[in-house]
Structures are given as C-alpha cells and as structure tokens.
Amino acid sequence: MGDVLAGIHATWEFDTDSVLIRFERGIRTPKLFQSLRERRIPYAALSSVTLTPGKRGTVVLRAVPRAGADPLVEAASGQLKEGCDPYRLVLPAEREVLAEYYADELRALLDPASDEPADRFLVAAPEAPMNFKAYDGRAGFDGERVSFRWSWTGASSAKWKAGDQTFKVSELAGIVWRSPEALDGYLRLLPRAAAPVDHRTGGSLGDLHGPGGSGSADDASADGVPVAAPVTRAADQDPAAVLFGLGYGPVHESLPFAAAVLESVRRTQPAPAASAPVLVNAGRRDPADIAERIHHLGELHQAGLVTDAEYTAKKAQLLAEL
C-alpha cells in the first residue's frame with residue numbers, strides 16, 4: 001500500500017507484504033509498547049481485521065493474529081489487558097471512514113489460509129540478550145541459554161539448595177508465563193522431560209507453550225516431546241521457575257523475555273513437514289471489488305481525507321490490478 005495511518009500510541013505503515021507498527025514513547029503509552037518499539041507483521045500472520053467503536057469518541061482498528069503466528073501472543077496466552085494489545089490501533093471517531101478503508105484493504109490482503117493456525121512463527125520475537133528482576137532472583141537470556149540467579153532475600157530454601165540454574169533452549173519443551181498482574185505470577189521453563197503443570201500447584205495443563213503451541217500432555221507427546229509425570233512443585237519451590245510480585249517481573253520486561261525464549265525453543269524443535277506454498281493474491285482481482293474500492297476511495301477524496309496525489313496514485317494502483 002505504501003500508506004501511513006497514525007493513531008493514539010502507534011502508527012501503522014503499510015507495505016506490500018506487511019504492516020510496520022511503530023509505537024510512541026510517551027508518558028501515557030503503555031510500557032509494553034515502549035519496550036517493543038516497533039513490530040513488522042506480515043499479512044500472512046493475520047486471520048482477520050475488525051473495526052469497532054472505542055471509548056470516549058474513538059474507533060479501534062484491530063488486526064487479529066493467526067494462532068501460532070506470533071510468539072508474543074502465544075506466550076501471553078490471552079492474559080494481556082485490552083489497552084496493552086499491540087494489534088489495536090485507536091483512532092479519533094472522525095477518522096472512522098478512513099479506518100474502514102484500511103480495514104477493507106487489509107482484508108483483501110489476507111492469506112487464503114488465514115483461518116488456520118500457522119505452522120511456524122511468522123512474526124519476529126524480541127531480540128536477546130535480555131533480563132529482568134524477579135521476586136526471588138534474576139532471569140537472563142542470551143539467545144541460547146536461560147539463567148536464573150537466586151536472590152538472598154526472596155528465594156526459597158529449595159532453590160538455594162538447587163543452586164543457580166542454566167538451561168539450554170535445546171533442552172526445553174516450552175514455557176509458561178503467568179502475568180505478574182495476577183496474584184501468583186511466574187515464569188516457568190518446561191524441560192523436555194516435563195509434562196504440563198497444574199495451576200493448583202503453580203501451573204496449568206492448558207499453558208504448555210512448546211513445539212505445537214498450548215496443549216495437553218498428550219499434545220506434547222504427539223509432537224515428539226517426551227513427557228513424564230506432571231510437575232507437582234509450586235513455582236516458589238521449582239528451580240526452573242521465577243516468581244513475580246509487586247514491582248518484579250513487570251509485563252513489559254517478562255513477556256518479551258518469555259516470547260524470545262519461546263521462539264528459540266520452537267526453532268530448536270524438528271520442523272513439521274512442509275506443505276505446498278500458497279500464492280497470496282495470485283491472479284487478477286475481481287473487477288466488481290476494484291470498482292467498489294475506487295468508489296470508496298473517491299468518497300475519502302471528497303471528504304478531504306485523501307489528497308489529490310494520493311487519490312490519483314491509489315486509483316492507478318487499483319486499476320493496474322484488473
């Protein structure tokens with residue numbers, strides 16, 4: 001597209017095969033956005049696009065990611081608050097017509113298999129090295145190894161007896177991130193021999209993030225990951241976990257960390273059998289669809305939302321697709 005759509009806290013720059021989301025670095029911008037800075041989202045990583053009314057005279061344009069396409073979304077596992085969703089662009093209500101135009105443009109670029117889970121990550125994970133301070137220690141990740149260094153004051157005796165820990169990502173089956181905004185937040189590493197854990201003891205059978213995404217012990221076994229008896233230790237007793245707490249392991253530090261580890265773990269697993277490539281937008285577009293978009297573009301031009309130059313260039317681009 002080559003266009004730019006500026007909203008509150010972020011700007012979307014549309015390219016031929018992806019949208020670059022740049023986040024602002026202001027006082028009111030969520031810290032997670034400031035930590036991410038920018039993200040390039042391939043259109044192939046999206047499943048749908050929505051436009052809904054927002055709060056206090058705004059509209060929300062949201063690109064919905066495909067399951068399994070984004071390590072950050074997979075690690076978050078639905079725990080992010082709405083205001084921290086990096087796929088939402090909040091715009092003033094008076095720009096609704098323009099937002100609707102871009103929503104239609106994005107929908108036209110979606111992969112034919114957009115409603116199916118992705119077989120690999122399509123969005124880049126935050127880059128290592130990175131670290132954060134947990135309640136009972138400090139976590140570090142250099143791209144190949146995760147290290148836990150225990151705190152004198154916060155770590156349990158079980159962790160002190162086990163000593164500081166280092167885990168190669170090649171030895172891990174996945175991770176579990178429980179938001180620090182919950183009462184018992186933590187980051188737990190799952191060694192390849194470990195099965196999903198139970199939230200009653202510090203984990204969740206539905207929170208395994210391994211080669212096949214979240215799933216049960218049976219799912220992990222089906223993906224070729226050996227499983228053992230379920231983990232029964234609470235996170236504060238598990239040397240493969242660090243605890244969050246008030247001021248420790250905040251979302252903007254621990255979630256990108258978890259996403260980076262998850263992406264590295266997934267990359268070390270055997271790749272699934274490759275399927276035949278699907279050509280996106282192959283062939284010519286439906287003339288009726290092109291006519292409708294040109295009509296919509298004309299309305300934006302008349303409303304003063306698109307300049308003469310932009311109108312001429314976009315109309316020529318649409319006509320070239322016939």
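Below, each value reflects all heavy atoms present in this structure, side chains not excepted, and no hydrogens, waters or symmetry copies. Throughout, numbering of the chain's residues begins at 1 and tracks the sequence.
- The closest side-chain heavy-atom distance from Q165 to L189 is not below 4.5 Å.
- The main-chain N or O of V4 is never found under 3.5 Å from a side-chain atom of E13 such that the two would form a donor-acceptor pair.
- Classification of the F23-F33 ring pair by plane angle, with boundaries at 30° and 60°, yields parallel.
- Side-chain atoms of E100 never come within 3.5 Å of backbone atoms of L51 as a donor-acceptor pair (strictly under, hydrogens ignored).
- Here the shortest heavy-atom pairing between R233 and P239 reads NH1-CD, 3.4 Å.
- Here A67 pairs with P117 under the side chain to side chain contact (heavy atoms under 4.5 Å, CB included) rule; sequence neighbours left out.
- No hydrogens or angles considered: nothing links the side chains of R145 and T166 as a donor-acceptor pair under 3.5 Å.
- You'll find the side chain of F132 stays beyond 4.5 Å of the side chain of Y248, heavy atoms only.
- Rounding to the nearest 0.5 Å places OG1 of T50 at 6.5 Å from CZ of R62.
- Linking ILVMFWY residues whenever their side-chain heavy atoms come closer than 4.5 Å, directly or via other members, places V49 and L98 in the same cluster.
- D136 places no side-chain N or O within donor-acceptor distance of the main-chain N or O of W150, the cut-off being under 3.5 Å.
- Counting only distance, with no hydrogens or angles, the side chain of R66 and the backbone of E116 share a donor-acceptor pair below 3.5 Å.
- Using the six-membered ring where Trp is involved, Y102 and F14 have ring planes that are parallel, under 30° apart on the 30 and 60° scheme.
- Remark: the backbone N or O of D236 is paired with a side-chain donor or acceptor of S156 at under 3.5 angstrom.
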Practice task
Check the pair L80 / L255 against side-chain contact (heavy atoms from CB on, under 4.5 Å), numbers first and verdict last.
Solution key: CA-CA 10 Å; L80 279 179; L255 180 56; 3.7 Å; yes
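- Side-chain atoms of Y43 come within 3.5 Å of backbone atoms of S18 as a donor-acceptor pair (strictly under, hydrogens ignored).
- Closest of all the heavy-atom pairs between M130 and A260 is SD-CB, 3.9 Å.
- Here CG of N131 is found 8.5 Å from OG of S147. Values are rounded to the nearest 0.5 Å.
- Side chain of R266 to main chain of R120: no donor-acceptor pair is present (N/O by atom type, distance under 3.5 Å, no hydrogens or angles).
- Residues L246 and V242 are members of separate hydrophobic clusters, defined by side-chain heavy-atom contacts under 4.5 angstrom among Ile, Leu, Val, Met, Phe, Trp and Tyr.
- Here the side chains of P71 and E74 are not in contact, with every heavy-atom distance at 4.5 Å or above.
- In this structure, K159 contributes its side chain and A241 its backbone to a donor-acceptor pair below 3.5 Å.
- Counting heavy atoms of neighbouring residues, nucleotides and ligands inside a 6.0 Å radius, atom CZ of F167 exceeds 12 of them.
- The two residues K55 and T58 make their nearest non-hydrogen contact at O-OG1, 2.7 Å.
- With hydrogens and angles disregarded, a donor-acceptor distance shorter than 3.5 Å links the side chain of S47 to the backbone of V64.
- Note on I8: it does not cluster hydrophobically with L20, by side-chain heavy-atom contacts below 4.5 Å among ILVMFWY residues.
- Shown here is E144, whose CD atom has no more than 12 heavy atoms of other residues, nucleotides or ligands within 6.0 Å.
- Looking at V123 and V73, their side chains never come closer than 4.5 Å, going by heavy atoms from C-beta outward.
- Taking each heavy atom of L243 and A134 in turn, the nearest pair found is O-CB, 3.1 Å.
- Between L36 and P86, some side-chain heavy-atom pair lies under the 4.5 Å cut-off.
- Between P92 and V59, the shortest heavy-atom contact is O-CG2, 4.0 Å.
- Note that CG of L262 is 12.5 Å distant from CH2 of W177, once rounded to the nearest 0.5 Å.
- In terms of heavy-atom proximity, A44 sits nearest to L122 at O-CD1, 3.5 Å.
- The closest side-chain donor-acceptor pair between D238 and Y186, if any, does not fall under 3.5 angstrom.
- Side-chain contact check for R192 versus T268: some heavy-atom pair is nearer than 4.5 Å.
- Linking Ile, Leu, Val, Met, Phe, Trp and Tyr whenever their side-chain heavy atoms come within less than 4.5 Å leaves V60 and W12 in two separate clusters.
- Within the 3.5 Å criterion, the main-chain N or O of S35 finds no donor-acceptor partner in the side chain of R25.
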